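Beneath this line is the structure, given in C-alpha cells, with notes to follow.
Note that the structure is a prediction, hence the values are computed from the model and not measured. Read the numbers this way: they start at 1 and go in the same order the structure lists the ligands and their atoms.
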Amino acid sequence: MNIILFGPPGAGKGTQAEIISKDLQIPTVSTGAIIRAAVKEGTPMGLSAKSYMDAGALVPDEVVIGIIKERLAKDDCKNGFILDGFPRTVPQAIALDGMGVKIDVVVSLEISDEAIVERMGGRRVCKACGATFHTVYNPSKAGDKCDVCGGELLVRDDDKPEVVLNRLNTYHKETEPLKDYYSGKGILKSVKGQGSVEEITALMKAALGM
Ligand code: AMP
C-alpha cells in the first residue's frame with residue numbers, strides 16, 4: 001500500500017507513520033528527516049536547505065522532488081511506503097504522479113492551529129537518532145534521554161514559537177490546497193488528529209482498513 005500521511009506540521013504525522021510502518025512492514029519516507037540528516041552531515045543540499053528550514057519556509061520543489069525520486073526508487077519501497085511530509089505543494093503532487101507512483105490513500109490528520117502551537121512547545125527530537133517524543137503526549141521512557149538510543153533530546157530549531165507561526169502560514173497557503181487535489185481523485189480520508197497517540201492510531205487504522 002502506498003500511503004500519504006497528510007497534515008499540518010506538528011500534527012503527529014511522524015509518530016503515526018512510525019507505528020503504521022512497523023505494522024505494515026513498509027518504510028516511512030520523511031523528507032523532513034532526510035533534509036535534517038543532510039543538514040547534520042553538512043552536505044551541499046543540507047547547507048542550501050537549512051536557511052529555508054530555519055525560517056519555517058519550504059525547501060524549493062526541485063530539491064525535494066529529487067530527494068523523493070531517489071528514495072522511492074530504492075528496493076525497500078517496492079512493496080509500499082508511507083510518505084510523511086511530502087508532497088507539500090501542488091507541483092510536488094503533480095511530480096509524484098509523473099513518477100508513475102500510484103498513491104492508494106491519503107490520510108489527513110485534522111487538528112486546529114491552537115492545538116498545533118501547544119503541541120510544538122512539547123516536541124523533543126533525539127539529537128543522535130532523530131526519534132521524536134512529546135513531553136506530555138508521548139514522553140520518552142528514559143526521561144530527558146532518548147529511550148531508543150540514549151541520545152540527548154532537543155527542541156528542533158524550527159519548533160521555536162516564532163517559526164511555528166510561519167510554518168502554519170506556509171501550510172495553509174501552500175500545502176492545504178492538496179486536500180482538494182486528492183479529494184478530487186477520491187482518495188482523501190480525514191481523521192481526527194487530536195487525542196492520545198493510541199486513539200489516533202486506531203482511527204488511522206480504521207481509515208486504512210487495517
Ligand atoms: P517536517 O519534519 O516534515 O516538519 O519538515 C521540516 C522542514 O523541512 C519543513 O519546514 C521544510 O522546510 C522542509 N521540508 C520537509 N518536507 C518538505 C517538502 N515536501 N517540501 C518542501 N520543504 C520540505
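Distances below 4.0 Å separate heavy atoms of I35 from the following atoms of ligand 1: 13 (C), 14 (N), 15 (C). Near A57, meaning under 4.0 Å from one of its heavy atoms, ligand 1 places the atoms 11 (C), 12 (O). Residue D158 approaches ligand 1 through these ligand atoms, each under 4.0 Å from one of its heavy atoms: 6 (C). Atoms of ligand 1 lying under 4.0 Å from any heavy atom of Q92, numbered from 1 in the order shown and given with element: 18 (C), 19 (N), 20 (N), 21 (C).
In terms of heavy-atom proximity, P91 sits nearest to D61 at CB-OD2, 3.5 Å. When every heavy atom of Y182 is checked against every heavy atom of A93, the shortest pair comes out as OH-CB, 3.4 Å.
Of the options R88, E174, K50, M120, the smallest heavy-atom separation from atom 9 (C) of ligand 1 is shown by R88. When the heavy atoms of M53, R167, R156, K13 are ranked by distance to atom 8 (O) of ligand 1, first place goes to M53.
Remark: side-chain polar atoms of K13 are paired, donor with acceptor, to backbone N or O of P8 under 3.5 angstrom. K40 places a side-chain N or O within donor-acceptor distance of the main-chain N or O of K127, the cut-off being under 3.5 Å. A distance-only check finds no donor-acceptor pair linking the side chain of D158 to the backbone of G56 [under 3.5 Å].
R167 has a carboxylate O that lies under 4.0 Å from a charged side-chain N of D159, or vice versa, which qualifies the two as a salt bridge.
Some N or O of R36 is nearer than 3.5 Å to an N or O of ligand 1, by distance alone. At least one N/O-N/O distance between G85 and ligand 1 falls below 3.5 Å.
In the model, T201 has no side-chain atom that pairs as donor or acceptor with a side-chain atom of E199 under 3.5 Å.
Among all non-hydrogen protein atoms, the one lying nearest atom 21 (C) of ligand 1 is V59 O, 3.2 Å. In terms of protein heavy-atom proximity, atom 16 (N) of ligand 1 is closest to T31 OG1, 2.7 Å.
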